[in-house]
Amino acid sequence: MTTSPRPMDVYRQWWLHDARWYQGVAKRFGHTAANEINAEALRYVAVQAGKRIARLHGGKPAADLEELRCRYEACSEWMFPSELRDGGTAVLPDGEIELTMRQNFAVAMVRMAGSLDGYDCPCTDIHAGWSEGLGVELTRNCATACLRNGDPACRLLMRPG
């Protein structure tokens, strides 16, 4: 009797692979190298996600911040389905877009693999990639809180230019 894996099982296996891969690179070449390679790879994937979402909208720029927020949310869902994260996006009164995550599957997998101490979250690289793929220039892209550091949620801010 064969059973097909559920999509979430496939995601979990790939993220476990990613965490173990990170740990192997960190062990052999150091955390600096592992973090740089991880951020580079995730940014590449993020650019592809942004381009895909841009194509779904006919390649046209977002009409306003709310539409852009929805596109960032779509990028997030494409790369990290809601089953693997607990969070969302919001447009703030000052014109920034905030992404919050109360659960981050990648951080959980790296923690389980035993490499959290040297791990640097690549979140701002991911947002830069989404922005590049969407054709959006950011004047601000920063993390103000991170689950990796023990904060109750990741809080990331992006200001489109």
Side-chain angles (χ1 to χ4, degrees), residues 8 11 14-15 18-19 21-22 25-26 30-111 113 115-161:
M8 289 315 304
Y11 279 116
W14 275 110
W15 280 100
D18 187 57
W21 171 90
Y22 175 89
V25 172
H31 283 283
T32 299
N35 287 321
E36 287 173 0
I37 294 166
N38 187 49
E40 181 181 302
L42 279 167
R43 183 172 177 146
Y44 177 84
V45 172
V47 169
Q48 303 314 305
K51 287 180 178 180
R52 179 179 183 173
I53 299 306
R55 280 192 305 274
L56 291 173
H57 290 89
K60 298 176 187 170
D64 56 25
L65 283 176
E66 179 58 24
E67 186 176 331
L68 181 57
R69 180 205 65 78
C70 290
R71 291 183 188 189
Y72 280 119
E73 182 69 32
C75 288
S76 184
E77 186 67 25
W78 191 74
M79 283 185 66
F80 310 105
S82 55
E83 295 88 352
L84 298 178
R85 63 183 167 85
D86 173 15
T89 55
V91 175
L92 302 180
D94 65 0
E96 291 185 321
I97 296 175
E98 178 184 53
L99 185 142
T100 56
M101 285 190 298
R102 289 168 292 282
Q103 176 185 0
N104 182 317
F105 195 77
V107 170
M109 289 289 96
V110 172
R111 180 181 288 121
S115 288
L116 191 60
D117 287 342
Y119 179 74
D120 289 337
C121 288
C123 294
T124 55
D125 293 287
I126 293 169
H127 297 160
W130 289 344
S131 299
E132 181 182 330
L134 290 170
V136 174
E137 188 171 323
L138 294 178
T139 60
R140 184 172 186 207
N141 180 16
C142 68
T144 60
C146 184
L147 288 164
R148 184 254 173 261
N149 298 330
D151 294 318
C154 294
R155 183 172 186 254
L156 302 129
L157 300 173
M158 297 176 287
R159 180 184 305 278

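Counting begins at 1 with the first residue of the sequence. Note that the coordinates shown come from a computational prediction; the quantities given were computed from them, not determined experimentally.
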Using modelled atom types only, decide if a donor and an acceptor are shared between the side chain of [X] and the backbone of [Y] within a distance under 3.5 Å.
X	Y	answer
Asn38	Ala34	no
Glu96	Leu92	no
Arg52	Val47	no
Asp120	Asn35	no
Arg148	Leu116	yes
Ser131	His127	yes
Asp151	Cys154	no
Thr124	Asn141	no

Once you round to the nearest 0.5 Å, how far does [atom1] of [X] lie from [atom2] of [Y]?
X	Y	atom1	atom2	value
Glu98	Leu156	CD	CG	8.5 Å
Gln103	Asp86	CD	CG	6.0 Å
Lys51	Gln48	NZ	CD	5.0 Å
Cys123	Arg155	SG	CZ	14.0 Å

### Task
Count the heavy atoms belonging to other residues, nucleotides or ligands that lie under 6.0 Å from CD of Glu40, then report whether that count exceeds 12.
no
### Task
Would you check if Pro160 and Leu68 make a side-chain contact, meaning some heavy-atom pair closer than 4.5 Å?
yes
### Query
Do any pairs count as a ring-ring contact (aromatic ring centres under 6.0 Å, His included) and have a residue in residues 76-97, sequence neighbours left out, and if so which ones?
Trp15-Phe80
### Query
Should Glu73 and Arg85 count as an ion pair when the cut-off is N to O under 4.0 Å?
yes
### Basic-acidic side-chain contact under 4.0 Å: Glu66, Arg69
yes
### Message
Can you tell me which residue among Arg71, Met158, Arg140 is in a side chain to side chain contact (heavy atoms under 4.5 Å, CB included) with Ile97?
### Response
Met158
### Query
Given Cys75 and Leu134, is the side chain to side chain contact (heavy atoms under 4.5 Å, CB included) satisfied, shown in steps?
CA-CA 9 Å; Cys75 288; Leu134 290 170; 4.1 Å; yes
Between [X] and [Y], what is the shortest heavy-atom contact and its length?
X	Y	answer
Val25	Ala33	CG1-C, 4.4 Å
Leu42	Pro122	CD1-CG, 3.3 Å
Met79	Ala49	CG-CB, 3.9 Å

### Task
I would like to know whether Asp64 and Glu67 meet side chain to side chain contact (heavy atoms under 4.5 Å, CB included); could you show each step before the answer?
CA-CA 5 Å; Asp64 56 25; Glu67 186 176 331; 3.4 Å; yes
### Message
Under the criterion side chain to side chain contact (heavy atoms under 4.5 Å, CB included), I'd like the reasoning laid out for Trp130 against Leu138: C-alpha separation, chi angles, the key distance, then a yes or no.
### Response
CA-CA 10 Å; Trp130 289 344; Leu138 294 178; over 6 Å; no
### Task
Measure the acute angle between the ring planes of Tyr22 and His31, then classify it against the limits of 30° and 60° as parallel, tilted or perpendicular.
tilted
